[in-house]
Amino acid sequence: DAGVTQSPTHLIKTRGQQVTLRCSPKSGHDTVSWYQQALGQGPQFIFQYYEEEERQRGNFPDRFSGHQFPNYSSELNVNALLLGDSALYLCASSFAELYNEQFFGPGTRLTVL
Amino acid sequence: GQQLNQSPQSMFIQEGEDVSMNCTSSSIFNTWLWYKQDPGEGPVLLIALYKAGELTSNGRLTAQFGITRKDSFLNISASIPSDVGIYFCAGENTGNQFYFGTGTSLTVIP
């Protein structure tokens, strides 16, 4: 049983560019959440998707957007990249009724130059 | 956003010792969770707490949901080298949002 997978593993972009990160949830999970983890910090909640809709959003600007597909996989898009967007981006999946019990993927390390 | 403060920030202990760390918040949470993160990996859920005063164990790990709903602690008994990592607390409020603490880095010396 595959756990949460994310791609790519690492990514280097320059300021102003756009990036798309991908996440496949654990088998059977229908809810996907995205987090940003800066170096030395705890993860910060970006948003959560369920039934292809954004169900909850953290304190992140509109440059951060997402999508969930019918197979429950998800994408995180970040436009107009800033140096401060450099971080580990984590995807977590869960069952909707057990949303507290999230399983995290290994993350995508984004570096903005 | 919500601020969760964890203490201590880092710990260096001998193998076999017990460990205690805690997490405090200025806000009330409905759920407290404890995660462990190893380098290059995502956090792994250790324990979930759903009721104020709840005490839950998972092997050598024990965690409690504070009575005020603004704090939680995690104890690790008889530490072993594989306990090394960063431990995060997280709280969830009625908005289905999760707030993570600043982390406690644990080093176990064999």
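Note: hydrogens, waters and symmetry copies are ignored here, and every other heavy atom, side chains too, is used. Here the structure is a predicted model, which means the values were calculated and not measured. Each chain gets a letter, A, B and so on, in the order the sequences are listed, and its residues count up from 1.
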Looking only at the aromatic ring of each residue, does the gap between the centers of B/Phe100 and A/Phe45 stay below 6.0 angstrom? no
Where do B/Leu45 and A/Glu101 land on the side-chain contact (heavy atoms from CB on, under 4.5 Å) test, with the steps shown first? CA-CA 7 Å; B/Leu45 180 64; A/Glu101 298 186 9; 4.1 Å; yes
Just wondering, are more than 12 heavy atoms of other shown residues or ligands nearer than 6.0 Å to CD in A/Gln17? yes
If one checks every heavy atom of A/Gln37 against chain B at 4.5 Å, the contacting part turns out to be side chain
Which atom pair, heavy atoms only, marks the closest approach of A/Leu90 to B/Pro43? CD1-CD, 3.8 Å
Determine which residues belonging to residues 104-113 of chain A lie within contact range of chain B, meaning some heavy atom pair is under 4.5 Å apart, and list them by number or answer 'none'. A/Phe104, A/Gly105, A/Pro106
Joint hydrophobic cluster, B/Val108 plus B/Leu74, side-chain heavy atoms closer than 4.5 Å: yes
More than 12 heavy atoms of other residues, nucleotides or ligands under 6.0 Å from CZ of A/Arg63: is that the case? yes
Options A/Gln6, A/Gln102, A/Gln44, ranked by heavy-atom pairs under 4.5 Å with chain B, top entry: A/Gln102
Measure A/Tyr35 against the heavy atoms of chain B and call it side chain, backbone, both or neither at under 4.5 Å. side chain
Are there over 12 heavy-atom neighbours, none belonging to A/Leu39, within less than 6.0 Å of that residue's CG? no
Verify whether one side chain among A/Gln48 and B/Gln97 offers a donor that lies under 3.5 Å from an acceptor in the other. no
Is B/Phe73 reachable from B/Val19 through a run of hydrophobic residues whose side-chain heavy atoms are each under 4.5 Å from the next? no
With hydrophobic residues grouped by side-chain heavy-atom distances under 4.5 Å, do A/Val32 and A/Ile46 end up in a single group? yes
Under 4.5 Å from any heavy atom of chain A, what part of B/Gln6 do you find: side chain, backbone, both or neither? neither
Can B/Leu46 be reached from A/Phe103 by stepping across I, L, V, M, F, W or Y side chains whose heavy atoms are under 4.5 Å apart? no
Verify the cluster assignment for B/Met21 and B/Ile13: are they in a single hydrophobic cluster under the rule of side-chain heavy atoms below 4.5 Å apart? yes
So, for A/Asn100 and B/Phe98, which heavy atoms are closest and what is the spacing to 0.1 Å? OD1-CE2, 3.3 Å
